[in-house]
Amino acid sequence: MARRKLRIEYFAILRERAGVDGEELDTEAGTPAELFAELSERYPFPEPDRLKVAVNDEFSDWQAPLADGDFVVFIPPVAGG
Amino acid sequence: MARRKLRIEYFAILRERAGVDGEELDTEAGTPAELFAELSERYPFPEPDRLKVAVNDEFSDWQAPLADGDFVVFIPPVAGG
Amino acid sequence: MNQFELSAECLTPENYREQLRDPTCGGFSTFEGWVRNRNEGREVLELEYQAYEPLALKEGSRIVAEAVLRYGASKAFCIHRVGDLAIGELAVWVGVGAPHRDAAFAACRFIIDEVKHRVPIWKKEHYSDGNSGWGNCEACVEQAANHRAPSSRRA
Amino acid sequence: MNQFELSAECLTPENYREQLRDPTCGGFSTFEGWVRNRNEGREVLELEYQAYEPLALKEGSRIVAEAVLRYGASKAFCIHRVGDLAIGELAVWVGVGAPHRDAAFAACRFIIDEVKHRVPIWKKEHYSDGNSGWGNCEACVEQAANHRAPSSRRA
């Protein structure tokens, strides 16, 4: 199964739960949804239904294919202003 | 018929039409409506239907009785802001 | 700080804003009316605001108090220029602080709308074609002139 | 001047306002979000804003451009603080100039509403009882914990 190197950065509650600002990951996950499921095995993350995801600094679909070198950010409910 | 001394001040288009900032008037007019009709004989004033009137620095009814010494201001459509 | 003021001097928003600061407020909305270089298709060079001051101050203060009560705002203030103004100058400033933004926006909008309709202040615009006019006073005077014309003919 | 910015320094409304001045504008509406001393019944001592900056800048600029187009505004700008803020500090500033006040108010309101919903910025509040929380993130995490609990029992 194809593996890819991804870079992940965490914000807000996800950063607190992961205990790191970000990490590099060598993974078989082919979509943001698969990646989030994999990470949720390691960290007490929230359910993904209220989260969004960005790949390479643009909002992405949870089922979009991930490529080697992609930069992924999971986005908990925002609270600016 | 009773006469009374009134003080009148003009603003905006009424000041231009009257040619004076204000005046003292010895008049038989018993209400702002009667006073305005009297002044309209002397000055090319607009019809009173779009105007308001104030007596002694408060909005007044056109049919309120005027007393000796009252201060009357006719208020053309306002345009602040 | 009175709730409504008139000023013959340039308005200073930073001062008003500073006086409205309040740690219970999460939202603060302002509106500023600036002198435009055009109005209804005519080029405006400058304008003049005239106020019937005693009643303008009373009615303006009533409006601001009504806005605070109606929308649950915490603090509100409005100040209007009088005298001669150049293009781009600030003619009116409204500021409202409230616990949340809904109230701040609504009260601010209420104040500027009511001030424009109820406060005895008049605007005379000076146009580039040499003409000038007292805002929406001209229309009612023309209407009156038209009314009088037929009756004169009848007389 | 970019249409949307993030700042780790105190915001300076007078500067933004000055840069939005425009002689074709008759109306100028601003909104400021201030750090309140209370939120949902709890006393707040200070708070922290964290942003995913590259995407926040893109999404924020899209919102401001949408507002200008949708309401026919002339100029608009929004800036959001990041980092640690004290009570009473300015967290976000929005300003919109437009020919008339309807457009100015509507575009200003649109921008603050959309920024709060779409821009990846998170707020962590520190309470007087020693607790702290990531705004509305906590609720969804609790919800997730509740979901997990029964499935653990089933396993």
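Letters A, B, ... are given to chains in the order of the sequence lines, protein chains preceding strands, and every chain is numbered from 1. These values consider heavy atoms only, across backbone and side chains, with no hydrogens, waters or symmetry-generated copies. Source: prediction; values computed, not measured.
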Query raised in the report: So, the side chain of Arg21(D) versus the backbone of Gly88(C): is there a donor-acceptor pair under 3.5 Å, distance only?
Result: yes
**Report entry** Heavy-atom contacts under 4.5 Å, residues 103-112 of chain D to chain C
**Finding:** Phe105(D), Cys108(D), Arg109(D), Ile112(D)
**Report entry** pair Pro23(D)-Arg36(C): side-chain heavy atoms closer than 4.5 Å
**Finding:** no
Report task. Mind checking the OG1-CZ spacing from Thr30(D) to Phe31(C)? Nearest 0.5 Å is all I need. Result -> 10.5 Å
**Report entry** Interface moiety of Pro13(D) toward chain C, non-hydrogen atoms closer than 4.5 Å
**Finding:** side chain
Requested in this report: Sort out for me which of Leu90(C), Asn39(C), Asp102(C) touches chain D most, counting heavy-atom pairs under 4.5 Å.
Outcome: Asp102(C)
Requested in this report: Answer yes or no: does atom CD of Glu9(D) have more than 12 heavy-atom neighbours from other residues, nucleotides or ligands under 6.0 Å?
Outcome: no
Query raised in the report: Hey, which residues of residues 42-54 of chain D are touching chain C, say heavy atoms under 4.5 Å apart?
Result: none
Query raised in the report: Using a cut-off of under 4.5 Å for heavy-atom pairs, which of Val96(D), Val94(D), Asp113(D), Asn37(D) has the most such pairs with chain C?
Result: Asn37(D)
Query raised in the report: Is the closest basic N to carboxylate O distance between Glu32(C) and Arg17(D) below 4.0 Å?
Result: yes
Requested in this report: Rounded to the nearest 0.5 Å, what's the gap from OG1 on Thr24(C) to CD1 on Ile87(D)? Could you check?
Outcome: 11.5 Å
